[in-house]
Trainee: 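One structure follows; several queries about it will come next.
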Amino acid sequence: MAAPSCNALGLWLRGSGQCLGRRFTLVSQPFCSAAAASGTLNAQRLAEKLRAQKQEQKTKKQSVPTNSVQRRVQELVRFTQQLQRVHPNVLAKALSRGIVHQDKELVVINKPYGLPVHGGPGVQLCISDVLPILAKMLRGHKAEPLHLCHRLDKETTGVMVLAWEKEVAHQVQELFRTRQVAKKYWAITVRVPVPPAGVVDIPIIEKEVQGQQQHYKMTLSPGYRMDNGKMVRVRASRGAHTAVTQYQVLSSTVSSALLELQPVTGIKHQLRVHLSFGLDCPILGDHKYSDWNKLAPQKLSVGTLRKLGLKQAKARHIPLHLHARQLVLPALESRKEELSLVCRLPHYFACSLRRLGLQMPSQDQSGDNEAECLRAQ
């Protein structure tokens, strides 16, 4: 006997001969509507929760820390990292505001902290990337890109020369190569060099540092060593480079100093190596060359940390205090007189001078904006 027909959505109960299709349909429709409504409510609650979390994070980021050390760290991060993760147009605009000199041949900028000059592995933004944008901001959309004339380390701030024409860039590069450009750097050092003025003439070589963190560093390769109280000449290393640095203490306290440095040669990390390993006075914030054996935050005395408003656990936030203060370019083919270019100190550098009780030379204070931070208490 054939079973009675029933709607495809119905339910046939064996033995009862009843089809519950309509009842099933009537019950299932409200159930689906309730589930849909519940899903909508859950989505709304999730969206509200995410908005609240985002607002909380934004408020937390904008809030001023009550702890003085945290405020100091936030200040250092703001001054040193503000241009490292921005759009190229924003960086180009910032560079244009910091132009020191501009003529028909050259553009001189005040290089910010933490920005590499050239690209490379892991580099998201560098100076060379934004030169076409900077050129268009200065001369219009048809302008050709500016050209680099020399380089500065990523952590070094200060005078940087660019050229409009490739031929002029090559002329300036040749002046640097033949050591015709007078360069003056300012650095804050941990400890005070003895004597307060002199010349460090020690070759530099790159070596691998053995240990838990294998890495390469530049180091000294002196031509003499002590043997039973006598100075003995040693054979020069094949990879060593002649390196000469003239230095002078401009201001000092018991535990720190402001130095003017004039590198005669241009070896990689020359100033940092000569100060740290040659004079035993590493640059403040030099976390690479303060210790030969390891890569670790610079260890500072309790007194220095107290003046800087930091603790040793936060010392890693201290930036390198090395600034390319002045360049003097000799006359080019199209310019008869030399060109003296001076860059003011970055804000964090000037504030560190004030905190450490170091004084700028009076002739430099009068014309620069960093004097405001030095006078502030």
Side-chain angles (χ1 to χ4, degrees), residues 50 53-54 57-58 60-62 70 72-100 107-139 141 143-164 166 169 173 185 206 213-218 266 268-269 271-272 283-290 295-298 314-324 343-349:
L50 291 174
Q53 289 177 349
K54 190 173 182 180
Q57 291 175 355
K58 186 176 180 181
K60 188 176 180 180
K61 188 179 293 186
Q62 293 176 347
Q70 291 177 345
R72 180 69 177 132
V73 169
Q74 189 179 76
E75 178 185 286
L76 288 172
V77 170
R78 185 172 71 252
F79 288 141
T80 58
Q81 297 184 9
Q82 57 187 353
L83 292 176
Q84 295 178 23
R85 297 180 179 86
V86 299
H87 191 276
N89 290 352
V90 176
L91 175 57
K93 188 68 175 177
L95 295 179
S96 69
R97 288 196 297 266
I99 287 178
V100 176
V107 174
V108 182
I109 62 173
N110 190 348
K111 178 190 170 297
Y113 176 85
L115 285 169
V117 174
H118 299 285
V123 175
Q124 296 181 348
L125 188 62
C126 63
I127 300 291
S128 60
D129 287 344
V130 300
L131 293 185
I133 304 173
L134 178 61
K136 288 179 172 57
M137 287 182 176
L138 299 176
R139 284 194 172 180
H141 292 291
E144 293 293 323
L146 286 155
H147 301 276
L148 292 166
C149 296
H150 63 115
R151 65 181 298 276
L152 290 175
D153 289 340
K154 175 182 175 182
E155 296 86 1
T156 304
T157 59
V159 184
M160 187 161 197
V161 182
L162 310 172
W164 286 108
K166 187 173 290 187
Q173 289 166 4
Y185 289 75
E206 187 172 30
Q213 295 176 295
Q214 287 192 346
H215 57 284
Y216 286 88
K217 284 183 182 178
M218 308 302 287
K268 177 183 176 182
H269 297 169
L271 299 179
R272 298 164 68 179
I283 299 175
L284 179 64
D286 194 346
H287 307 294
K288 181 170 185 175
Y289 288 103
S290 292
L295 289 171
Q298 186 178 45
K314 302 296 183 181
R316 67 184 185 276
H317 294 288
I318 301 175
L320 183 72
H321 286 64
L322 179 61
H323 178 68
C343 270
R344 71 168 187 242
L345 298 174
H347 193 279
Y348 70 85
F349 195 117

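In what follows, every heavy atom counts, from backbone to side chain, and hydrogens, waters and symmetry copies are set aside.
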Trainee: Got a second to check how far Tyr289's OH is from Leu271's CG, nearest 0.5 Å?
Mentor: 11.5 Å

Trainee: Measure the spacing between OG of Ser128 and CG of Leu134 and express it to the nearest 0.5 Å.
Mentor: 12.0 Å

Trainee: I would like to know whether Glu206 and Lys268 meet side-chain contact (heavy atoms from CB on, under 4.5 Å); could you show each step before the answer?
Mentor: CA-CA 9 Å; Glu206 187 172 30; Lys268 177 183 176 182; 3.8 Å; yes

Trainee: Going by the rule side chain to side chain donor-acceptor pair (under 3.5 Å), which residues pair with Tyr348 if we only count those two or more places apart in sequence or in a different chain?
Mentor: none

Trainee: Please confirm whether the backbone N or O of Leu95 pairs with a side-chain atom of Lys111, one donor and one acceptor, at under 3.5 Å?
Mentor: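 No, Lys111 side chain to Leu95 backbone: no donor-acceptor pair under 3.5 Å.
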
Trainee: Dump the intermediate steps for side-chain contact (heavy atoms from CB on, under 4.5 Å) on Leu125 and Arg85, then the final yes or no.
Mentor: CA-CA 7 Å; Leu125 188 62; Arg85 297 180 179 86; over 6 Å; no

Trainee: Quick check: do Val107 and Ile99 have side-chain heavy atoms less than 4.5 Å from each other?
Mentor: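 Side-chain contact under 4.5 Å: yes.
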
Trainee: How many angstroms lie between atom OG1 of Thr157 and atom CG of Leu322, to the nearest 0.5 angstrom?
Mentor: 7.0 Å

Trainee: Sequence neighbours left out, what passes side-chain contact (heavy atoms from CB on, under 4.5 Å) with His87? Give chain and number order.
Mentor: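 Asn89, Val90.
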
Trainee: Taking Gln298 for its side chain and His287 for its backbone only, find out whether a donor-acceptor pair lies under 3.5 Å.
Mentor: no

Trainee: Mind checking the NZ-CD spacing from Lys166 to Gln173? Nearest 0.5 Å is all I need.
Mentor: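 Lys166 atom NZ to Gln173 atom CD measures 10.0 Å (nearest 0.5 Å).
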
Trainee: Nearest 0.5 Å, please: how far is CZ in Arg272 from CD in Glu155?
Mentor: 5.5 Å

Trainee: Would you name the heavy atoms of His321 and Pro319 that are closest together and state the gap between them?
Mentor: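 Shortest heavy-atom separation between His321 and Pro319 comes out as ND1-O, 2.7 Å.
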
Trainee: Using modelled atom types and a 3.5 Å cut-off, is there a donor and acceptor pairing between side-chain atoms of His269 and backbone atoms of Lys217?
Mentor: no

Trainee: I need the Ile109 CD1 to Ile127 CD1 distance, nearest 0.5 Å.
Mentor: 5.0 Å

Trainee: Crowded around Lys136 NZ? As in, over 12 foreign heavy atoms under 6.0 Å?
Mentor: yes

Trainee: With distance as the sole test, does Asn110 use its side chain to make a donor-acceptor pair with the main-chain N or O of Arg344 at under 3.5 Å?
Mentor: yes

Trainee: In residues 143-152, what donor-acceptor pairs under 3.5 Å come from side-chain atoms, sequence neighbours left out?
Mentor:
unit_1: His150; atom_1: NE2; unit_2: Val161; atom_2: N; d: 2.9
unit_1: Arg151; atom_1: NH1; unit_2: Asp153; atom_2: OD1; d: 3.4

Trainee: Indicate the atoms forming the closest heavy-atom contact of Gly119 with Cys126, along with that distance.
Mentor: N-SG, 3.5 Å

Trainee: How close do Leu83 and Leu115 get, heavy atom to heavy atom, and via which atoms?
Mentor: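 That closest heavy-atom pairing would be O-CD2, 3.6 Å.
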
Trainee: For Gly158, is there any backbone N or O sitting under 3.5 Å from a side-chain donor or acceptor partner on Tyr185?
Mentor: no

